[in-house]
2 protein chains.
Amino acid sequence: MTTLAEVARKAGVTGATVSNVLRGRGKVGNETRERVLAAVRELNYRPNLTARALAEGKPQTVALVVSSIANPFYPEFALAVEQAVRKLGYFLVVCNTNDDPAQERAYLDAIVGSLAHGVLVMNADFVQIEELVALRQRGVPVVLCMWEKPDTPPPLPSVAVDFFRAGMVAAEHLIKLGHRRIGAVLGSELSGNHIWRYRGFCEAMSRAGIDLLENGTVCGHDTIDAGRNAGHALLAAVPDLTAIFASNDLPALGVLQAAADLGLDVPGDLSVIGITDIQLAHQVRPALTTVAVPIQESAELAVEMIMQMMREKGPEGSSAPAMLREASVPRLVVRASTARPGKG
Amino acid sequence: MTTLAEVARKAGVTGATVSNVLRGRGKVGNETRERVLAAVRELNYRPNLTARALAEGKPQTVALVVSSIANPFYPEFALAVEQAVRKLGYFLVVCNTNDDPAQERAYLDAIVGSLAHGVLVMNADFVQIEELVALRQRGVPVVLCMWEKPDTPPPLPSVAVDFFRAGMVAAEHLIKLGHRRIGAVLGSELSGNHIWRYRGFCEAMSRAGIDLLENGTVCGHDTIDAGRNAGHALLAAVPDLTAIFASNDLPALGVLQAAADLGLDVPGDLSVIGITDIQLAHQVRPALTTVAVPIQESAELAVEMIMQMMREKGPEGSSAPAMLREASVPRLVVRASTARPGKG
DNA sequence: CTGAAAGCGCTAACAC
DNA sequence: GTGTTAGCGCTTTCAG
């Protein structure tokens, strides 16, 4: 491996000068610069990032902690994050905890051990928040990427997405279409991560003067399979439903499948709406009507925040960045899974 | 940040000793060890990976180069890779080139600059192979993860998957079901990446004495959308098709959509089969019959190879590992998208 | 068994 | 403008 020193020798200068021309710092004579550049080219020199990181005291990497790489939402977000950090010269290290606290702990330890300069956390709920707070106290910049609890201030810098609003928008769409008997499928416990989406749904319903259905809400997980099960359960419990609100696209897709299993026509017999607008939403048939969440924007905001924190000094950052930045509001994307009721 | 030295001071020993107890090297007195461990715990010490990497001359990371994180196959493979490398104490750095040679170059430069100790490349065709070969010559371990060209020996260590066989298996399934008028949708150019899958398909057809249809093959990209377009084109050109072979699951899913668009019942009017068995395949309705490729196994083989290479010395590794290791054969997974013809 | 010392390759003051 | 000089935090011979 060619080193700085070899380049320096070949160019007849000292290491400091090479470093200077490479990083554009300090003043370097024009002809010297040329000589150095030539040597670099000739020797095919590439600076050793590890050494640089050690010398600078910080690695050029940002970590993205995700609980499950299996959720298709993950790559879309990761891609956005990767591009944002790359634009700033950083690299992305993926930390897939697989919902395993031990695995998560291992990653966080590595991060403290300067695996990464900053950490982005995707699904704060599946993660040991206290561990993250401890990490932050040790001086590691941390930001939560999708805070969805408007009632509680996040324990760490976060980007918030208004999922309450998303829930409302979804419900309003259904209501405007004329639906009254609307069921709900949640991708989390009732008290879990999706609670505000559901509250938004309920709010819209009550504003419209529509009562929630008895047994009209089924909770599950944030997966297609769970959504399918929930869909079946819901449809069995309340057969005359005309629409189903799902708290996320994955379960919504599952509901679509349940409808197919039962021979129900969507949207003729049943309308279905989700939240997020993952790619799959438009790739499935019927294409899913959903409330699009600003994925890319959230990723960019999160990266912006982490960069700012990384630029700053100690644990608590003297000129601390706003602890909460809000991404723009979710917006309705009408596709083929919703229609006026009774068309079937 | 607590350092080795601080721990050493606190334990009343020297750095070397701390290092020894931490890594289990050398002999350390039992009581000394205890003292050191106590200090470590007390100070919450975590070794600095950057410094360690510098001192050891190699980072604890492996890079995975992918051309497009958008392909849903990516996360499944990445997950398998991530878990395999983690098990060995390495970290995964994701390098998403986005099909941009400049971006790819930037990553490879960084890797030479010891971003990673070894590189796994997923989609060799979308990548500048020569660059990878150059990388290898500079001493960086590189392995190609899914070599699918049985006729050309790979230019680099690779794990091969028998896609020719996969194509045959798919076709044979259709044929055994009684189909004769079978179209093909390719997720690449005819001469492109999926050629061997297609050749396998053709081979099975000819062995069964079935002629390929005139205009019965449409080429496109490896995406759902392209598959849908191809499906429409194919169905328009050869309306009396009873089955379609797709060279990959994504295009197969697109064909499913095209069928839905046209009001065709699958599998009543049309059978569809894909290759790979990505998760989506069973999440879609009708669930896709496909030929499962050993994703996890390939990932593990690839990781095994890269680890072996990393253990060895120079560019060409004295006791070079087999340059080609083959993953087990693809196997048929029958689901709901195929049936005997003429049931519609 | 434990300590001392010499780097790994690069950066960052500060001299010249 | 360019060279000198210290490290960054850890590993690793090699003495003692």
Side-chain angles (χ1 to χ4, degrees), chain A residues 1-37 39-40 43-61 89 109-117 138-139, chain B residues 1-37 39-40 43-61 89 109-117 138-139:
Chain A
M1 214 194 131
T2 357
T3 71
L4 223 212
E6 305 183 54
V7 175
R9 181 149 20 85
K10 174 143 210 139
V13 296
T14 179
T17 304
V18 176
S19 179
N20 279 337
V21 357
L22 255 30
R23 335 198 59 221
R25 317 284 214 92
K27 263 85 198 71
V28 181
N30 235 319
E31 106 185 280
T32 320
R33 160 183 283 91
E34 284 314 320
R35 232 172 335 122
V36 170
L37 258 18
V40 166
L43 295 167
N44 226 298
Y45 168 74
R46 297 287 177 281
N48 182 319
L49 302 183
T50 306
R52 178 176 288 176
L54 216 215
E56 286 182 333
K58 39 193 66 170
Q60 292 287 315
T61 52
D109 276 352
I111 289 168
V112 172
S114 85
L115 200 220
H117 189 173
R138 296 182 114 212
Chain B
M1 216 194 126
T2 21
T3 73
L4 224 212
E6 305 183 55
V7 175
R9 182 151 17 87
K10 175 142 208 139
V13 296
T14 180
T17 303
V18 176
S19 179
N20 279 337
V21 358
L22 255 32
R23 334 199 63 222
R25 316 286 213 89
K27 266 84 197 68
V28 181
N30 234 319
E31 106 183 281
T32 322
R33 160 184 281 87
E34 283 314 321
R35 234 175 330 125
V36 170
L37 257 20
V40 165
L43 295 168
N44 227 296
Y45 168 73
R46 297 286 177 281
N48 181 320
L49 302 182
T50 306
R52 177 175 290 177
L54 214 214
E56 287 181 333
K58 38 191 70 167
Q60 293 286 315
T61 51
D109 277 353
I111 289 167
V112 173
S114 86
L115 200 219
H117 190 174
R138 297 181 112 216

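Chain naming here is simple, since letters A, B, ... match the order of the sequence lines and numbering starts at 1 in each. All figures in this text were calculated on a predicted structure; none of them were measured in a lab.
- Residues in residues 44-58 of chain B take part in these salt bridge (Lys or Arg N to Asp or Glu O under 4.0 Å) pairs, two or more places apart or across chains: A:D109-B:R46, B:R23-B:E56.
- B:L43 CG to B:E6 CD: the interatomic distance, rounded to the nearest 0.5 Å, is 7.0 Å.
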Stepwise side chain to side chain contact (heavy atoms under 4.5 Å, CB included) check, A:Q60 with A:L49: CA-CA 8 Å; A:Q60 292 287 315; A:L49 302 183; 5.6 Å; no
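- Of all nucleotides in DNA chain D having an atom under 4.0 Å from a heavy atom of chain B, the first and last in 5' to 3' order are D:dG9 to D:dT12.
- Counting all heavy atoms, side chain and backbone alike, A:G15 lies closest to A:A8 at N-CB, 3.7 Å.
- Checking side-chain atoms of B:T50 against main-chain N and O of A:S114 turns up a donor-acceptor pair under 3.5 Å.
- The OG1 atom of B:T2 lies 8.0 Å from the OH atom of B:Y45; values are rounded to the nearest 0.5 Å.
- The overall bend of the helix from C:dC1-D:dG16 to C:dC16-D:dG1, read as the angle between its terminal helix axes built from five base pairs each, is 40° when rounded to 10 degrees.
- If you find the closest nucleotide of DNA chain C to B:G57 and to B:E31, the one lying nearer the 5' end belongs to B:E31.
- At the heavy-atom level, B:S114 lies nowhere under 4.0 Å from the strands shown.
- B:R33 contributes no side-chain N or O that, together with a main-chain N or O of B:V21, makes up a donor-acceptor pair within less than 3.5 Å.
- Near-neighbour residues of DNA chain C inside residues 14-22 of chain A, defined by a heavy atom below 4.0 Å, number-ordered: A:A16, A:S19.
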Yes or no on side chain to side chain contact (heavy atoms under 4.5 Å, CB included) for B:M1 and B:N48, after CA distance, side-chain angles and deciding distance? CA-CA 9 Å; B:M1 216 194 126; B:N48 181 320; 3.8 Å; yes
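- Both A:M1 and A:R25 lie near DNA chain C, and the one whose nearest nucleotide falls closer to the 5' end is A:M1.
- In summary, contact between chain A and DNA chain C, defined as any nucleotide atom under 4.0 Å from a heavy atom of the protein, begins and ends at C:dG9 to C:dA12 in the 5' to 3' direction.
- A:R9 pairs by the side chain to side chain donor-acceptor pair (under 3.5 Å) definition with nothing, not counting sequence neighbours.
- Remark: B:T32 OG1 to B:L37 CG distance equals 11.0 Å, nearest 0.5 Å.
- Checked options A:T14, A:V36, A:V28; the residue passing with A:N20 is A:V28 (criterion: side chain to side chain contact (heavy atoms under 4.5 Å, CB included)).
- Using a distance-only test at 3.5 Å, with no hydrogens or angles considered, a donor-acceptor pair links the side chain of B:T61 to the main chain of B:L115.
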Take A:K10 and A:V7 through the side chain to side chain contact (heavy atoms under 4.5 Å, CB included) test and state the conclusion after the steps. CA-CA 5 Å; A:K10 174 143 210 139; A:V7 175; 5.8 Å; no
